[in-house]
Chemist: 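Submitted below is the structure of interest, expressed as C-alpha cells.
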Amino acid sequence: MIEIRFHGRGGQGAVTSAELTALAAIEQGKYAQAFPSFGPERRGAPVMAFVRVSDEPIRTREKIYEPNIVVVLDPTLLEIVNVAAGLKKDGIVVLNTTKTAKEIRKVSGINAKLALVDASRIAIETMGIPITNTTLLGAMLKATDLLPLTALEGPLQERFGRVAAKNIKAFQRAYEETVVEE
Amino acid sequence: MAKRVGIEVSLAISEAVKLANVDVIAAYPITPQTHIVEHLSELVADGHLDAEFIPVESEHSAMSTCCGSSASGARTYTATCSQGQALMLEICYIAPALRLPIVMTVANRSLSGPISIWNDHSDMMMSRDTGWIQTVAENGQEAFDLTLHAFRVAEDPRVLLPTIVNVDGFTLTHVIEPIEILDQKEVDRYLPPYQPQMRLDPTNPVSIGPVGMPEVYTEAKKAQDEAIKGAKQVILEAWQEFGDMFGRYYKPVETYRTDGAETLLVTMGSLSETAMIAVDQMRTDGKNVGLVRLRLFRPFPFEEFLAAVRGVKQIAVMDRALGLNGAGGPLATEVKAALYDEPERPYIWNYVAGLAGRDVTIENFVEMADGVEAAAADGVRQGYTIINVRE
Amino acid sequence: MAKETGIVSWKDLALGCSIVKPGSSAELKTGDWRSQRPVTDYEKCVQCGQCYIFCPDMVFTQNELGFYQPNMFYCKGCGICARECPADAISMVEESE
C-alpha cells in the first residue's frame, strides 16, 4: 500500500489532487482511499489531503502518519510546516519550487529523495492561474511508479470539463520538466 | 449492471436515494452531512430525480415536513447529524409512533460543547431510544447498500417504522473509495414501489397523530414496542435477499476471527475495519483475539450478540461516545445489560475512544485487547478508560 | 380519542394509533359535563344568531321559525351564549332544577 500526503493552502486544490489520484487508481482497477484533513474549509490556511493506493481492499481508517510520498503545492509551506514529518525511509518529497535540491535541503533539512518542479510557472504559462494541483500530479507520476501517465487523463477530463485540456497540458509539462534528486 | 466507481461516500448515498426514486426530500444542511443533500438538490434541479426537494429552515422543520410527506404516502428521505438531529429530536419521537417509514442518513458527529463538527457516535446514542430502526455502515459500499435496505425494511407492511443509516461523518462521508453502484433495474428488483397502508387521503379520511389519553397511551406504546421487535425478522430477510441478488450478505452482528477467541473487541462503524487489522496482527503474535461488530443497533440484536460472544473470557467494548453518567459509554452499558441473564458472563472493560475525530489507531485496538486481559487477570472491578486522553 | 372508544387491546389499535373512522368525535357525548343549561326566552329573542356564533361547541341550530336551539348532547353548559346574548334572552338554569 502506498500512502500519499498532499500539503497545500486552502483553495489551492490539495483535496482535488488527492481525489483525482484516487479516482485514477480506482479506474485502473486498484483500491484507493482519498480524504481531506477533516474540518471546516479555510481558504489560505495550510491544509492536508491524503491518499492510499493498494492492490488489496483498504481497511484502515487511520490518519496517514508515515507517507511514502509527500506532495507540496506551495513553496512557502516549507518554512512553516514540517512537510517531511513521518516520511518513510525510502520516501520522496515532490515540491513546487524554483530552488535547487541543495537549497531546499539547507532550508528544510529534508534528507529524502526530492522531485522538484517549477509548477507555479508551468501553471501560469499553460492555464494563466497559479493553481498547481494538477501540475504537481504530473511531477508525482514522474517521480514514482504509482500510476501510468495516461491514468489521470480520464479523471482530469471529467473533473475540469472545458478547461481540462489546459490542465492536462500543465500536467504533461510538469511530467517532462520534473527533476528527481536522490 | 452494477458499476464499480471511485466516488465520495456522500455522493454514493445520494445516488442510492436517487435509485430508490424518492418522492420527497426535506433537509437542512449541516457538516458533515452537507454533501449528501447538496448532491440530491442538484439531482432534483437538473431533472435526474423526479422529487420534491424542500429546503426547510431548520432540522425541526425538516423532520416535521418528512412526517407530513410520509403520512401522505410519499417515499421520504432526509439526512442530518449532531446538533441538527438534536433540534429535530422532538419530531424524531413522533415519526415512529405514527409508523411513518422515513429514511434518514445520520453522518455521525459529536455533540457540542465544546463546539465540534468531528466524528463520533454521540448523536447515534442521543437518538437510541426514539424508536427508529438503526443500522451502522462500516465503509462506503455498506453506506450505499444499507440505504437501499433501509427503504425496503421501513416500508415493509410488517414494519412501517422510520430507519436511520448511521454513517461516520468525515471518516466515511468525505472519503473517496471504490463503490459498486447498482443500476436502476437491479434496485427496482430489490425495492418495490412504496404501498402505504394508511395515508392522508381526502377520499378516505383518517386522523393521524391524535391525542392518546392514559387509557390508550400504554397500548399505543406496546404496539410500537412489538413493531420494532418484530422488525428484526424483516431486517434479516431483506439482508438475505440483498445478498442473494447482489452477492453482499449482511448480518446484524458480524464476527471476525472469533473462532477460539478468549478476548473480543466490540465495535460499531467505520473503525471496525481498522480493528480487523489489529486482530490480524494479534493473531499473528499468537493472541486469541477476535472482533464482534454491531451492524444493527436498533432493535438491539440480543440473540445474535449473545451467540457471538458466548464462551469468551473477556470483552473490550469500544464506545465512541461518553455517557456522562459515571458508567462510561452507552454501548458498554447495553452490552453488560444484554449479558446479565447469561449463566457465564465474560469480564468487560469499556474503552471510550475516537471522540470528535480523535484518531483511533491499530495500536489503540491492541492496547484495548491487552488492557482488558490485564484488568481481568488483576480482577479490577469492571470499569472504563478514555483512550488517548492527555493527563 | 374518546375515552368511551379508547378501551381496547393494543392489538386492536389502528396503525400508529390513528383514527380511521372519519367524524368519530361526534360520538363523544359532552352534554354530561354540564351542571347548568341555557334556556332561551323566545319572547325576548331577536333571532340575531349571536349564540350560534359564539358557542365554542357549535351546539345551536336554527329551527324553521328562525329561533336558535341547543343540541343538549354536546352542550357543556359553559354559559357563553347567555353572556353574549344582546337581548338577555338566555339564562343559565341549574341542571338539578
Side-chain angles (χ1 to χ4, degrees), chain A residues 1 3-6 10 13-42 47-66 85-86 137 147 151-159 161, chain B residues 3-11 31-32 34-35 107 109-110 115-120 137-141 168-181 256 267 269-281 291 293 320 354 356-365:
Chain A
M1 183 165 64
E3 296 185 308
I4 311 165
R5 185 172 69 218
F6 289 86
V15 175
T16 306
S17 298
E19 289 180 9
L20 291 170
T21 307
L23 291 175
I26 293 165
E27 262 185 31
Q28 299 284 307
K30 289 174 182 281
Y31 293 88
Q33 222 181 40
F35 51 98
S37 43
F38 304 136
E41 287 162 30
R42 300 157 297 166
V47 297
M48 292 186 280
F50 307 91
V51 184
R52 287 189 172 100
V53 177
S54 174
D55 294 327
E56 306 289 324
I58 299 167
R59 296 185 298 184
T60 184
R61 300 281 171 189
E62 283 183 318
K63 288 175 184 148
I64 290 177
Y65 297 101
E66 295 179 351
L137 289 177
L147 293 166
L152 262 147
E153 285 175 10
L156 282 168
Q157 192 68 46
E158 205 166 306
R159 171 60 59 96
Chain B
K3 202 177 155 203
R4 179 185 186 266
V5 295
I7 188 169
E8 191 187 282
V9 173
S10 287
L11 270 54
T31 301
T34 320
H35 294 185
R109 167 183 145 177
S110 51
I115 294 171
S116 166
I117 61 170
W118 290 270
N119 164 235
D120 69 25
E138 284 179 16
N139 55 39
Q141 187 67 58
D168 280 320
F170 290 120
T171 315
L172 284 184
T173 56
H174 283 50
V175 177
I176 290 181
E177 56 185 53
I179 296 175
E180 197 179 300
I181 305 285
Y256 183 72
T267 59
S270 65
L271 299 187
S272 303
E273 296 189 334
T274 312
M276 285 181 207
I277 302 173
V279 167
D280 287 346
Q281 278 184 11
L291 171 68
R293 300 112 66 198
R320 302 211 47 215
R358 180 70 62 90
D359 208 10
V360 184
T361 62
I362 294 164
E363 286 68 35
N364 290 146
F365 285 107

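This is a predicted model, so every value here is computed, not measured. Residue numbering restarts at 1 for every chain, and letters A, B, ... go by the order of the sequence lines.
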Chemist: Against chain A, work out which of B:Asn139, B:Val5, B:Thr171 has the most heavy-atom pairs shorter than 4.5 Å and name it.
Modeler: B:Thr171
Chemist: Measure the acute angle between the ring planes of B:His174 and A:Phe38, then classify it against the limits of 30° and 60° as parallel, tilted or perpendicular.
Modeler: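 Answer is perpendicular, since the angle exceeds 60°.
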Chemist: Determine whether B:Arg4 and A:Ile26 make a side-chain contact, defined as any pair of heavy atoms from C-beta on separated by less than 4.5 Å.
Modeler: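 When only atoms from C-beta onward are counted, A:Ile26 and B:Arg4 do touch, with a gap below 4.5 Å.
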Chemist: For B:Pro178 versus A:Ala32, what's the shortest heavy-atom pair and its separation?
Modeler: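 Shortest heavy-atom separation between B:Pro178 and A:Ala32 comes out as CD-O, 3.2 Å.
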Chemist: With a 4.5 angstrom heavy-atom cut-off, could you sort out which part of B:Val175 is near chain A: side chain, backbone, both or neither?
Modeler: both
Chemist: Any chance you could measure B:Ile362, atom CD1, to A:Glu62, atom CD, to the nearest 0.5 Å?
Modeler: 4.0 Å
Chemist: Could you pull out all residues at least two apart from A:Arg61 that satisfy salt bridge (Lys or Arg N to Asp or Glu O under 4.0 Å)?
Modeler: B:Glu177, B:Glu273
Chemist: Surrounding CD of A:Glu158 (heavy atoms of other residues, nucleotides or ligands, distance under 6.0 Å), is the total greater than 12?
Modeler: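 Counting other residues, nucleotides and ligands, CD of A:Glu158 stays at 12 neighbours or fewer.
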Chemist: With chain B, which of A:Arg52, A:Lys30, A:Glu27 has the greatest number of heavy-atom pairs at distances under 4.5 Å?
Modeler: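 Sorted descending by pairs with chain B, the first entry is A:Lys30.
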Chemist: Is B:Thr31 close to chain A through its backbone or its side chain, or both, or neither, when contacts mean heavy atoms under 4.5 Å?
Modeler: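 Nothing of B:Thr31, per the 4.5 Å heavy-atom cut-off to chain A.
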Chemist: Quick one: list whatever passes side chain to side chain donor-acceptor pair (under 3.5 Å) with B:Ser116, sequence neighbours left out.
Modeler: B:Ser110
Chemist: Please classify the contact of B:Ile117 with chain A as side chain, backbone, both or neither, using a heavy-atom distance under 4.5 Å.
Modeler: side chain
Chemist: Would you mind checking which part of A:Phe50 comes under 4.5 Å of any heavy atom in chain B, side chain (CB onward), backbone (N, CA, C, O), both or neither?
Modeler: neither
Chemist: Under a 4.5 Å cutoff for heavy-atom pairs, which residue among A:Ala25, A:Pro155, A:Ala34, A:Ala18 has the most contacts with chain B?
Modeler: A:Ala34
